[in-house]
Peer 1: 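So that we are looking at the same thing, I have put the structure below in structure tokens.
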2 protein chains.
Amino acid sequence: MARPTVHDIAREAGVSLATVDRVLNARPGVRAQTVSRVREAVERLGYVRDTYAANLARQRHYRFAFVLPDGPNQFLDTFRAALREAAEAQAADRLSARIEAVPAHDPHAVVRMLNGLPLSRLDGVAIMTPETPQVRDAVGRLKAEGIPVVALVSDLPNSPRDHFVGINSFQAGRTAGVLMGRFIRSDAARILAVTNSMQARDSIERRLGFDQVMAEDFPGMAVLPSIESHDDPERMARIVEEAFRSTPDIAGVYSMGPGNVPLLETLRRIGRARDLVVVAHELTPTTRAALLNREVDAVINQNVGHLVRSALRVLRAKCDGAEIFEAQERIRIDIVLRENLP
Amino acid sequence: MARPTVHDIAREAGVSLATVDRVLNARPGVRAQTVSRVREAVERLGYVRDTYAANLARQRHYRFAFVLPDGPNQFLDTFRAALREAAEAQAADRLSARIEAVPAHDPHAVVRMLNGLPLSRLDGVAIMTPETPQVRDAVGRLKAEGIPVVALVSDLPNSPRDHFVGINSFQAGRTAGVLMGRFIRSDAARILAVTNSMQARDSIERRLGFDQVMAEDFPGMAVLPSIESHDDPERMARIVEEAFRSTPDIAGVYSMGPGNVPLLETLRRIGRARDLVVVAHELTPTTRAALLNREVDAVINQNVGHLVRSALRVLRAKCDGAEIFEAQERIRIDIVLRENLP
DNA sequence: TTGTAGGCGTTATCAC
DNA sequence: GTGATAACGCCTACAA
């Protein structure tokens, strides 16, 4: 009636505990015949290993490093908060997650950080950074040392990372596009696309998806060339004002990157904050407030809690050599409107 | 450097293991002074209980029953599949979840089931059923026996259930409403609202939310009185055809309940499947296919995986007398379009 | 190739 | 009130 243990298997198979353990953990030094005797007993009794006991005996612990860009960014703030919270909640489960901050926009700093990680006291690494050849190599070195690596939010597709935790930017852009097209109540319209930098692959892919939907489903609408703030609020104000001056019939704004604070301020200043359809990415205090006061119409979001928990689960699974449960790890593209704001 | 254990606490506080355990588990029979000595040691060393070891020593296991309506329903099918999957994945963590099927639309059967549950072999119950006074009493009896109870998908707000796992139907209706209003490209339109039964509280609340948004934000649109299929496909066909005959200028259909298969078949038959804005609830094989072929424009969804995992986590927490992590347990109202289909 | 004995960190059952 | 001591189920030296 009660769950069978290794003792039951041992008795059933007529061998000792150690032999059962060797078979269960696929260790060498057991005769093929004995192996199958044990396997049969496992099968017959319906044995499932007790992970609590196993982890206890193994003295297993998971020490992870999260290499994240530093600097002021509301998305990153909420992400870091979610990570700290999750790490704290799982401390009792022998998990620790350190945040390793790296100056944003400094690819060399990321590489230095990755190469300087204390490999002997580390069981996995999560990295949020744009891909460069040097980053790729650094990931390769970590993998060569046997350390699991996951890419976070921004994929490193040409590196040997084990897994990507995040959403497909192209699909996210398509989702933004269809909302823009359907929310604008006229068939012909001009749309302004804004980001910090079109160097970032995220922005490129989002724009690609956005344009694709526009071309397919809203042929009367035209998306203007992307304007770039380079993370400079004053530049943002200038280029947005300029765009509205030279193209007054803009009906929608697609904010592909960060910088929603200066963007919305500028729209407010020029008196266009309420009559436009605005679609932005990432739910932050700013976009949340803007949804509530109807300055932003839709936010395309990736839930930071999910990102964090998924990264932790995947790293754990990779450490244990366990399968990951794909369906659970797929990060959804959330559409957040004023009405379904969490 | 390594994590402190109860042994370290005992040494630090100058007491024995047993005393430390008594303090940690708030058991009686320890002098107040000794208690604070131990507490201080815990504080000083930063001790956190190892859940693996604790669960092992306690021989803790979690046996849950899920009381679910039987009968053909795509949402329930996906829900049951998700439950089986989650239960299997957590079998190694000493969790078992049985599904107790109950004839749908038979309140007495639910009550009989609840009253007949083997209380001595049960650590928690999740219930998906409409609220009736008898159900309320049955939940009361379970609680009186000390068994944690969660309501699933459909809340039992007047019962002493510990927690509700699901979404707010009113908000879900508002979300459907705003999508309908914004997706219809004219300012004046008639909208057909369909469900199986307006007896169900879910449908009532969804309709309420839907109407509220319509009145507030789309004053030119009119929602027709809800039509009810009573779970009869032929009746569904008849009433929908009739509605379109008597009101040909319908521009949108809001499907509040189950029955999307006969609804879509009927729309197809009368040649209206592609020119309407259709908003439905719950992502199922039918609504998924309809999103892909553009017969349905938006689906309001509650992720079954989340529902299941949340219910399991909450029941576990209640068994352990632990706090639940609210943010993680809030089920989101997912908006699913063709573009962000998972 | 197989078995024995002890330990992982916590809890529970005894004595004192 | 308090303290030894033996589980819990699994893993791992080391011995045979």
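Predicted model only: the values in this text are computed from it and were never measured. Throughout, a chain's letter reflects where its sequence line sits, starting with A, and its residues are numbered from 1.
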Peer 1: Identify, with sequence neighbours excluded, every residue that meets salt bridge (charged side-chain N to carboxylate O under 4.0 Å, His left out) alongside Asp320(A).
Peer 2: Arg60(A)
Peer 1: Can a donor-acceptor pair be found between the side chains of Asn25(A) and Arg49(A) at a distance below 3.5 Å?
Peer 2: yes
Peer 1: Whole angstrom is fine here: how far is it from CD1 in Ile9(B) over to P in dG3(D)?
Peer 2: 15 Å
Peer 1: Which residues pass the salt bridge (charged side-chain N to carboxylate O under 4.0 Å, His left out) test with Glu85(B), sequence neighbours left out?
Peer 2: none
Peer 1: Where along nucleotides 11-16 of chain D does protein come under 4.0 Å, by heavy atom, of base (B) or sugar-phosphate alone (S), with - for untouched nucleotides?
Peer 2: SB----
Peer 1: Enumerate donor-acceptor pairs with a distance under 3.5 Å from any side-chain N or O in residues 28-36 of chain B to protein atoms, sequence neighbours excluded.
Peer 2:
{"from": "Ser36(B)", "atom 1": "OG", "to": "Ala32(B)", "atom 2": "O", "distance (Å)": "3.3"}
{"from": "Ser36(B)", "atom 1": "OG", "to": "Gln33(B)", "atom 2": "O", "distance (Å)": "2.9"}

Peer 1: Heavy atom of residues 28-36 of chain B under 4.0 Å from DNA chain D: which residues?
Peer 2: Gly29(B), Val30(B), Arg31(B), Thr34(B)
Peer 1: Among residues at least two apart in sequence or on other chains, which ones pass salt bridge (charged side-chain N to carboxylate O under 4.0 Å, His left out) with Arg112(B)?
Peer 2: none
Peer 1: Tell me every residue that passes side chain to side chain donor-acceptor pair (under 3.5 Å) with Asp123(A), counting only those two or more places apart in sequence or in another chain.
Peer 2: Arg63(A)
Peer 1: Do Arg332(B) and Asn303(B) have side-chain atoms, one donor and one acceptor, less than 3.5 Å apart?
Peer 2: no
Peer 1: Whether Thr5(A) contacts dG9(D) is assessed here as follows: a side-chain N or O lying under 4.0 Å from the phosphate OP1 or OP2. Is that the case?
Peer 2: no
Peer 1: Students often get this wrong, so: under 4.0 angstrom with heavy atoms, is Arg94(A) touching a base, only sugar-phosphate, or nothing?
Peer 2: sugar-phosphate
Peer 1: Can you measure Asp50(A) atom CG to dC8(D) atom P for me and round it to whole angstrom units?
Peer 2: 13 Å
Peer 1: Quick one: on DNA chain D, does Thr19(B) or Leu56(A) contact a more 5' nucleotide (nearest heavy atom)?
Peer 2: Thr19(B)
Peer 1: Listed by chain and number, what are the salt bridge (charged side-chain N to carboxylate O under 4.0 Å, His left out) partners of Arg94(A), not counting sequence neighbours?
Peer 2: Asp50(B)
Peer 1: Tell me, please, the opening and closing nucleotides of DNA chain C, 5' to 3', among those with an atom under 4.0 angstrom from a non-hydrogen atom of chain B.
Peer 2: dG9(C) to dA12(C)
Peer 1: Please report how far the helix from dT1(C)-dA16(D) to dC16(C)-dG1(D) bends, comparing the axis fitted to its first five pairs with the axis fitted to its last five, to the nearest 10 degrees.
Peer 2: 40°
Peer 1: Any ring-ring contact (aromatic ring centres under 6.0 Å, His included) involving residues 28-57 of chain A? Give me the pairs, sequence neighbours left out, ordered by first then second residue.
Peer 2: Tyr52(A)-Tyr52(B)
Peer 1: Could you go through residues 5-15 of chain A and list every donor-acceptor pair under 3.5 Å that involves a side-chain atom there, pairing it with any protein atom two or more places apart or in another chain?
Peer 2:
{"from": "Thr5(A)", "atom 1": "OG1", "to": "His7(A)", "atom 2": "N", "distance (Å)": "3.1"}
{"from": "Asp8(A)", "atom 1": "OD1", "to": "Arg11(A)", "atom 2": "NH2", "distance (Å)": "2.9"}
{"from": "Asp8(A)", "atom 1": "OD2", "to": "Thr5(A)", "atom 2": "N", "distance (Å)": "2.8"}
{"from": "Glu12(A)", "atom 1": "OE2", "to": "Arg44(A)", "atom 2": "NE", "distance (Å)": "2.8"}
{"from": "Glu12(A)", "atom 1": "OE2", "to": "Arg44(A)", "atom 2": "NH2", "distance (Å)": "3.2"}

Peer 1: Decide yes or no for Thr129(B) and Val67(B): does some side-chain heavy atom of the first lie under 4.5 Å from some side-chain heavy atom of the second?
Peer 2: no
Peer 1: Give the rounded distance in Å between these two atoms: OH of Tyr52(A) and P of dC10(D).
Peer 2: 14 Å
Peer 1: Side-chain contact, heavy-atom cut-off 4.5 Å: Phe64(A) with Val150(A)?
Peer 2: no
Peer 1: If the plane angle is over 60° it's perpendicular, under 30° parallel, otherwise tilted; pick one for His306(B) and His306(A).
Peer 2: perpendicular
